[in-house]
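Okay, so here's the structure we're looking at.
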Number of protein chains: 4
Amino acid sequence: MLIIDATSSTPIYEQIIDEVKEGILKGIIEPGEKLPSVRELAKMLTLNPNTIQKAYQELERQKVTVTIRGRGTFVSEDYQPRKDEERLMEVSELFKKGIVEAYYMGLTKEDICNLIEKLISELEGVEKDD
Amino acid sequence: MLIIDATSSTPIYEQIIDEVKEGILKGIIEPGEKLPSVRELAKMLTLNPNTIQKAYQELERQKVTVTIRGRGTFVSEDYQPRKDEERLMEVSELFKKGIVEAYYMGLTKEDICNLIEKLISELEGVEKDD
Amino acid sequence: MLIIDATSSTPIYEQIIDEVKEGILKGIIEPGEKLPSVRELAKMLTLNPNTIQKAYQELERQKVTVTIRGRGTFVSEDYQPRKDEERLMEVSELFKKGIVEAYYMGLTKEDICNLIEKLISELEGVEKDD
Amino acid sequence: MLIIDATSSTPIYEQIIDEVKEGILKGIIEPGEKLPSVRELAKMLTLNPNTIQKAYQELERQKVTVTIRGRGTFVSEDYQPRKDEERLMEVSELFKKGIVEAYYMGLTKEDICNLIEKLISELEGVEKDD
DNA sequence: GTGGTCTAGACCACC
DNA sequence: GTGGTCTAGACCACG
């Protein structure tokens, strides 16, 4: 399911983190579901297990997943979002950067809002099958 | 005017680019205005001139500024926005990442839209003095 | 009685050891009392019998329990504490690590002492019923 | 300055983290001070740079250090302790484990308190020279 | 020079 | 089987 762009400037392990988080929001990966094992995913993506490991560890640190010794890595069932002033700043910076770039491309405020709407609906629109 | 965070993970040269572009949008820096010379800015920010150089080169590549030999670097007067499919993808990725993170912080769709609105108005709210 | 957190980074077999030892100190489990059989406990906690086995073996190695062939595992009636220089070092390391972390959380020396007092009284406060 | 025990069950990278944090509390390493570079320390301790890297990244994640691109890793000057319910639990667990072990060694409540006092004074007792 | 990422391949503890 | 740690050595971006 995961698509990795080896040529991207964003590190591979970060792409994995992002895709997993996105997949969960979209409902493609469900809470409680088991992620592929480190070695398995490494083989699937023809990457080094260490790279997957790094991604999985960060996902666990963010409480997106939990790992059960000897069993594997699972999507958290009870993710508790918490608003953190610092993280809010980071997200704001991300958005600000995007907005500035958008303006430089000639997009209007309306264009930007439409784009955001579209992106949000892409995340929410996918319904779970089970 | 420029505020640089040496400890940030975004490279310093990129911070400079971002701040200049943001300053222009806000009207703090005006079209035709001369930017400080590389050496000057390097001294002001106590940074390596190479770093400033890299930022200025990138700004020029993006046609945000023009450099006139022997005179200095100036903000373009006739910036022509171009919708570039590739850049649009990049911006979308930026926003998508922000949205995913926002959701993981517990923000609702409405929260996100409000945040975007706020950020846009911060950029537009500052009126030019001339 | 035993509460196991499969997602914890401390191995399950170690959690069992810790809980048994704590239970004995608290008087919840009494000297001479029979512990559940390996299979029984494995079923109760839905764990692999090997895991329980490992915990029981370690408890016996530490002389906290004794195993009687064909009868089961029992809490030692005559546990003889021995001050062991090496173990004292280990415990000191444990405390030191805790103290360092506590300081990094902004706790004062007094806070730490209060916390220790509280934890000790939690162990001692539970009186035996027999 | 750092002493690593390769035979210990605590991972090397964690030992490094612990020793750095302890060194800072003791005043052996001062705020603003530069830590040895990844490669340098790797050579000093005859360890793989990756191992040091992991330790340094975790230290930065905990805000104990900051890294300045191209310059190195420095001890934070403005560490802001924050009490976190979860971390408090972890520290409590650490202490509880230590207390249980101490009891099993025959230490009395008084012994434990004295030990704690001693460990705290070891951290605080070392005064800075500058 | 610095830290950051990645590969290749190994060994370990745990379940 | 699982994840976790570590070594060896490489390449890259940044300042």
Side-chain angles (χ1 to χ4, degrees), chain A residues 4 6 8-16 34-42 45-57 59-60 65-74, chain B residues 4 6-16 42 45-55, chain C residues 4 6-16 42 45-55, chain D residues 4 6-16 34-42 45-60 65-74:
Chain A
I4 299 303
S8 164
S9 64
T10 39
I12 294 175
Y13 79 94
E14 208 174 312
Q15 291 182 46
I16 296 173
K34 183 181 179 300
L35 296 185
S37 80
V38 170
R39 289 168 176 80
E40 217 176 329
L41 190 53
L45 304 175
T46 57
L47 292 172
N48 188 289
N50 283 332
T51 307
I52 313 291
Q53 174 78 325
K54 189 164 186 178
Y56 275 20
Q57 276 182 350
L59 281 169
E60 186 172 17
T65 60
V66 293
T67 101
I68 301 180
R69 323 265 303 208
R71 299 262 325 276
T73 301
F74 300 81
Chain B
I4 299 302
T7 71
S8 165
S9 62
T10 35
I12 291 176
Y13 83 94
E14 207 174 313
Q15 291 183 47
I16 295 172
L45 303 175
T46 58
L47 291 173
N48 189 316
N50 290 333
T51 308
I52 314 291
Q53 181 75 320
K54 188 163 186 177
Chain C
I4 300 301
T7 70
S8 165
S9 62
T10 37
I12 291 176
Y13 82 96
E14 207 174 314
Q15 291 183 48
I16 295 173
L45 303 175
T46 57
L47 292 174
N48 190 315
N50 291 333
T51 308
I52 314 290
Q53 180 75 319
K54 187 164 187 178
Chain D
I4 298 303
T7 71
S8 165
S9 64
T10 40
I12 294 175
Y13 81 93
E14 208 174 312
Q15 291 182 45
I16 295 172
K34 183 183 180 298
L35 296 184
S37 81
V38 169
R39 288 167 177 79
E40 217 176 330
L41 190 53
L45 303 175
T46 58
L47 293 171
N48 188 289
N50 282 333
T51 307
I52 312 292
Q53 175 77 326
K54 188 164 186 179
Y56 275 20
Q57 276 182 351
E58 178 61 16
L59 280 169
E60 185 171 19
T65 60
V66 292
T67 101
I68 303 180
R69 322 265 303 208
R71 299 260 326 274
T73 301
F74 300 81

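Note that these values count all heavy atoms, side chains included, but never hydrogens, waters or copies made by symmetry. By convention in this document, chain letters (A, B, ...) are assigned in the order of the sequence lines, proteins followed by strands, and residues within each chain are numbered from 1.
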What is the distance from [atom1] of [X] to [atom2] of [N], rounded to the nearest Å?
X	N	atom1	atom2	value
A:E40	F:dT2	CD	C1'	11 Å
A:E60	F:dT5	CD	P	10 Å
D:F74	E:dG1	CZ	C1'	12 Å
B:I4	F:dG15	CD1	C1'	13 Å
D:K34	E:dG1	NZ	P	12 Å
A:L35	F:dT2	CG	C1'	13 Å

Which heavy atom of [X] sits nearest to which heavy atom of [Y], and what is that distance?
X	Y	answer
C:Q15	C:S8	NE2-CB, 3.5 Å
C:P11	A:R69	CG-NH2, 4.1 Å
A:K34	A:G72	CE-CA, 4.3 Å

At what distance, to the nearest 0.5 angstrom, does [atom1] of [X] lie from [atom2] of [Y]?
X	Y	atom1	atom2	result
A:I16	A:Y56	CD1	OH	7.5 Å
D:E58	D:T65	CD	OG1	10.0 Å
D:R71	D:S37	CZ	OG	13.5 Å

Under the 3.5 Å Watson-Crick or G-U criterion, the dot-bracket string of DNA chain E, with | for inter-strand pairs
||||||||||||||.
May I ask you to say what A:T73 touches in the nucleic acid, namely base, sugar-phosphate or nothing, with a heavy-atom cut-off under 4.0 Å?
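Sugar-phosphate contact only - A:T73 comes under 4.0 Å of backbone atoms but never of a base.
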Any side-chain N or O of D:T67 less than 4.0 Å from the OP1 or OP2 oxygen of E:dG3?
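So the side-chain polar atoms of D:T67 never come under 4.0 Å of the phosphate oxygens OP1 or OP2 of E:dG3.
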Please confirm whether the shortest side-chain N or O distance from A:Q53 to OP1 or OP2 of F:dG3 is below 4.0 Å.
no
Just do the side-chain contact (heavy atoms from CB on, under 4.5 Å) check on D:I68 and D:F74 with the steps written out, would you?
CA-CA 8 Å; D:I68 303 180; D:F74 300 81; 4.1 Å; yes
When you check every protein heavy atom under 4.0 Å of nucleotides 7-15 of chain E, what one-letter string (B, S, -) results, 5' to 3'?
BBB-B--BS
Sequence neighbours left out, cut at 3.5 Å: what donor-acceptor pairs do the side chains of residues 47-54 of chain B make with other protein atoms?
from, atom 1, to, atom 2, distance (Å)
B:N48, OD1, B:N50, N, 2.9
B:N48, OD1, B:N50, ND2, 3.4
B:T51, OG1, B:N48, O, 3.4

